[in-house]
Every structure is written in structure tokens, then in C-alpha cells.
Number of protein chains: 2
Amino acid sequence: MPVVIPVAAISIVDAIAHDLRERLFSGGLSPAAALTETDVAGSYDVARPTAKAAIERLVAEGLLVRGAHKTARVADLGPIDVRDIYLARAYLESEVVRRLAAARSVPAEAVRANADIAALTNDTPLAVVEPDMRFHLSLIDAVGNERISKMYRSLVSEVRLCMTRVQTLKLLDTSMIHDEHERILALLGAGDGEAAARLLDDHLARARERLAAALGGTADPAAG
Amino acid sequence: MPVVIPVAAISIVDAIAHDLRERLFSGGLSPAAALTETDVAGSYDVARPTAKAAIERLVAEGLLVRGAHKTARVADLGPIDVRDIYLARAYLESEVVRRLAAARSVPAEAVRANADIAALTNDTPLAVVEPDMRFHLSLIDAVGNERISKMYRSLVSEVRLCMTRVQTLKLLDTSMIHDEHERILALLGAGDGEAAARLLDDHLARARERLAAALGGTADPAAG
DNA sequence: ACGTGAACACTTGTTAGACAATATTTGAAC
DNA sequence: GTTCAAATATTGTCTAACAAGTGTTCACGT
């Protein structure tokens with residue numbers, strides 16, 4: 001019996017949306033930068049409706065913003081948005097660790113991701129972002145819920161957009177992140193969901209306040 | 001100083017998407033029914049690209065499904081989807097009640113919605129759906145988080161789509177729903193988040209299994 | 001009769017060009 | 001310098017069209 005090899009023939013709109021997303025995440029597009037439909041159409045050499053569709057997709061994802069008859073702009077997420085996003089993350093993720101702990105389930109992929117963090121030598125300051133995201137995503141994906149994974153991915157993409165604005169900042173202490181992750185995993189294996197959720201909340205709150213402060217907000221650990 | 005009166009000049013695409021959604025929820029469109037772009041364009045007397053945009057919006061919301069070069073169809077959500085949706089609801093909502101209880105916050109709108117449920121005389125069997133949704137939505141909205149509210153609303157719209165398929169079924173016992181809501185609100189005021197979350201989980205699990213069973217699934221209270 | 005394969009119709013993906021409606025900017029008048 | 005009006009830029013929508021993919025029919029050969 002032949003094995004099915006999954007291939008995806010992505011459409012032009014998909015390709016443009018994907019590339020715009022990459023440019024957004026790599027900082028190629030500054031916050032509040034204007035993205036007219038004609039510009040996008042011109043730079044990819046496609047028709048305007050095609051560019052329009054790609055832009056509208058990113059607007060739906062929250063990466064771009066635009067009002068009626070206004071040109072789309074890169075979302076400039078401030079401290080308020082950061083707190084909104086991280087609170088949503090905390091809601092989803094702390095409930096996830098509660099239920100993972102109840103099943104004493106320690107996702108293998110999360111362990112791997114955290115090992116990758118430990119293995120980091122001093123590269124660029126934000127080399128830790130990728131394995132860190134992978135750690136948190138693997139916790140979410142471990143529950144195997146399509147819609148939860150999709151919602152969380154949407155939040156992660158907004159976080160990545162924020163991060164492009166603080167590339168220079170020294171936000172994150174790699175070893176501390178690793179240690180906290182390790183403790184969370186241990187609590188999952190021990191079945192202590194309460195403690196794991198509490199620790200995760202602290203972990204996210206710390207990251208949130210650093211990011212919010214870097215984006216010009218005042219320190220406000222209780223905000224949310 | 002003149003008071004600002006907020007008006008929304010919705011676009012044609014918005015209007016069509018809205019109307020299609022209503023038709024979806026009112027059962028005017030059967031599950032798995034085909035919705036070609038030309039048909040939609042013809043029935044609203046607009047150009048095909050306009051209809052296309054409306055269809056793509058509903059596809060993004062999960063109300064329609066479509067593959068590349070295939071005609072869009074009404075999503076026919078089965079027991080598996082119901083469990084996926086309700087588990088996502090439970091994750092969001094049980095964490096919400098935990099945190100509402102921690103603040104001993106009892107949302108006034110939730111109290112109102114539950115009073116509306118109690119005031120129901122025997123109308124159509126699914127007259128309870130609207131105030132029930134409103135009860136749960138008001139709990140979510142009480143935390144004042146933009147992204148959580150948006151995610152939850154997306155889940156609710158999928159639930160509504162499921163419900164249109166079981167209109168005839170006697171799914172819900174009004175007084176039981178009211179009582180359970182009442183107990184949840186009481187636990188919020190008492191600050192007992194654990195108990196409130198547990199009760200809410202049971203409440204949603206019951207609704208989930210009734211809905212899943214009505215959609216042809218086998219009883220499986222532990223699924224998810 | 002049955003499976004094969006080619007022609008066909010249907011649908012979607014994408015493009016081009018155009019016009020109207022709305023925002024934004026420029027410029028001129030006071 | 002401020003304010004109003006014209007010019008420009010941009011988006012929303014339409015018409016028409018072609019290309020490409022999907023599903024179906026139907027004749028054909030075995």
C-alpha cells in the first residue's frame with residue numbers, strides 16, 4: 001500500500017502572507033509602517049486584489065491593523081497589548097499545566113526544547129526565543145486540542161511581533177528561564193498542578209513585565 | 001460638547017458575511033451544503049470577488065470549510081469537534097472562574113442573564129440558548145481581556161452552528177441549567193475558585209455529552 | 001459488463017482595468 | 001498662522017476575462 005506523502009501547494013496569497021509575516025518578525029517592517037495594497041502588489045508583482053487578500057489575512061491575525069478606507073499599518077503593540085496577550089497566555093497555559101499535572105504527563109517535546117535552551121552558548125540575545133516558544137507551544141500541543149493550539153499560536157505570533165522591537169534589549173536570562181522550565185516540568189511529573197500553575201504564572205508575569213517595560217510601560221506587576 | 005454617537009458603516013462584505021452567519025445559525029443552510037461563489041454573488045447581487053471575500057471570512061471563522069479549488073461547504077461538526085470545542089471552552093472558562101473567585105467578583109451581567117433563564121416560560125426548546133450563551137460570555141468578558149473575549153466568541157459561534165442541528169432534540173433542562181449557574185455564581189462570591197471551576201467543568205461536560213450524543217457520537221464522558 | 005481515459009462543464013485562482021467613495025495632503029485665501 | 005477648498009492617494013467594488021484545477025460523462029476498448 002502506497003504511503004501518502006503530504007504536500008501542500010500553497011496559493012500566491014498564502015505565499016505573500018507568509019513572506020510578509022517573516023518580514024514582520026525579522027524586523028524588516030517597522031511598527032506603524034504603512035503597507036498600501038498597491039505597494040505590496042508592486043513589490044511581489046501581483047495584482048492588487050491578491051495583495052489585498054494577503055493584507056486582510058494578516059489583519060485578521062492581528063499583525064496589521066487598519067480601519068475602513070485607511071491604509072494598513074504594522075500593529076504597534078504597547079504595554080497594554082503586552083499585558084492583554086500575556087494574560088491570555090497565562091489563562092490558557094496555566095489551565096493546561098493543571099490538567100497535564102493531573103495526568104502526570106510530561107511532554108517529551110517540552111523536555112527537548114528546554115534541553116536546547118540549556119545548550120545555548122552566548123549567541124545573539126534572542127536566540128533563546130525560538131526554543132522558549134517551542135517549550136510553551138509543546139505544553140499546549142500536548143493536550144491535543146485543535147482549537148486551543150490555534151488560539152495559542154495566534155498569541156505567540158503577536159508576542160513575536162513585540163519581540164522584534166526589543167531585539168537589542170537584554171530581556172532574558174537564559175539560565176533562569178531554563179531553571180524555571182525545569183521546575184515546571186518536575187511539578188508536572190509530581191502531579192502538583194497547583195504549584196505548576198502558580199510557578200508558570202510567575203514565569204509569564206516576569207517575562208510580561210520585562211517586555212512591557214521595554215515597550216515603554218511603567219512597572220506594574222499587578223496589572224492585567 | 002457634542003456626544004459621539006458611534007455608528008458603523010459596514011461594508012458590503014461585512015453585511016454579506018453577517019447575513020450568511022445568521023442563515024447558518026437559523027438553520028437556513030444545511031450542514032455540508034455547497035456555497036459556490038457564483039451562487040452567493042447571485043443571491044446578493046454582488047460581484048464574485050465580493051462574495052469570495054465573505055466566504056473566506058466565514059472559512060476563517062470555522063463556520064465554512066473548503067479546500068483549494070473546492071467549493072465551500074457548511075462545516076458539519078461532529079462529536080469529535082464538539083468535544084474539541086467544549087474542552088477549549090472549559091479551559092478558558094474554568095480558569096476565568098478561578099480568577100474571578102480569587103477577586104470575589106460576581107459579574108452583574110451574569111446574574112441578569114441567569115435571571116432571564118429563570119424567567120423563561122415554555123417557549124421553543126432552544127429559547128434558553130441565548131441567555132445561556134450570554135451567561136457564559138459575561139463571565140469571560142468580566143476579566144476585560146480583549147483577546148480572551150475574541151477567542152471565546154469564536155468558540156461560541158461554532159457551538160451555535162452545532163445547535164442548529166439539534167433544534168428538535170430536548171437537550172436542555174432549563175431549571176437545572178439555572179440552578180447550576182446559580183451555584184457557580186455563589187461560589188464566585190464565596191471565593192472558592194476550586195469548587196467553582198469543578199462545577200463549571202461538570203456543567204460543560206454535561207452539555208457537551210448531550211450535544212455530542214445528539215450529533216451521533218457514543219457516550220464518552222471521559223473523552224477529550 | 002467493466003474499467004480506462006479523454007472530452008466536457010463547473011468552479012476557483014488570478015489578473016487587468018475602471019469607477020466611486022473616502023482619506024490625506026497640498027495649496028491658497030484670509 | 002489658521003481655515004477652507006481643491007488635488008491627490010488609497011481603498012471598496014465592479015465587470016470581464018483567462019488560466020488552472022476538479023468532477024463528471026461518455027464513448028471506447030478489452
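First the proteins, then the strands, lettered A, B, ... as listed; each starts at 1.
For the pair B/K70 NZ and C/dT11 P, the interatomic distance rounds to 15 Å; values are reported in whole Å. Summarising the geometry, the separation between CZ on B/R73 and P on C/dT12 is reported as 10 Å, rounded to the nearest angstrom. In this structure, B/I16 places its CD1 atom 14 Å from P of D/dG12, rounding to the nearest Å.
OP1 or OP2 of D/dG12 lies within a sub-4.0 Å distance of a side-chain N or O belonging to A/R66.
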Could I get a table of every N or O pair under 3.5 Å where one atom is in the protein and the other is in nucleotides 4-9 of chain D?
none

Polar atom pairs between nucleotides 13-15 of chain D and protein, under 3.5 Å, N or O only, would you list them?
from   : atom 1 : to    : atom 2 : distance (Å)
D/dT13 : OP1    : B/I12 : N      : 2.7
D/dT13 : O4     : A/R48 : NH2    : 3.2
D/dC14 : OP2    : B/A47 : N      : 3.3
D/dC14 : OP2    : B/T50 : OG1    : 2.1

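Salt bridge A/R134/A/E130: present, at least one basic N to carboxylate O contact under 4.0 Å. A salt bridge between B/D141 and B/R153 is present, with a side-chain N of the basic residue lying under 4.0 Å from a carboxylate O of the acidic one. Comment: B/R98 engages A/E95 in a salt bridge, judged by a side-chain N to carboxylate O separation of less than 4.0 angstrom. Here B/D201 pairs with A/R99 in a salt bridge; the nearest charged N to carboxylate O distance falls below 4.0 Å.
When every heavy atom of A/R83 is checked against every heavy atom of B/N145, the shortest pair comes out as O-ND2, 4.4 Å.
Positionally, the nearest nucleotide of DNA chain C for B/I55 lies more toward the 5' end than for the other of A/H69 and B/I55.
Side-chain atoms of B/Y44 and B/D19 include a donor-acceptor pair closer than 3.5 Å.
Checking side-chain atoms of A/S149 against main-chain N and O of A/E146 turns up no donor-acceptor pair under 3.5 Å.
Using cut-offs of 30° and 60° on the angle between ring planes, the pair B/H181 and B/H136 is perpendicular.
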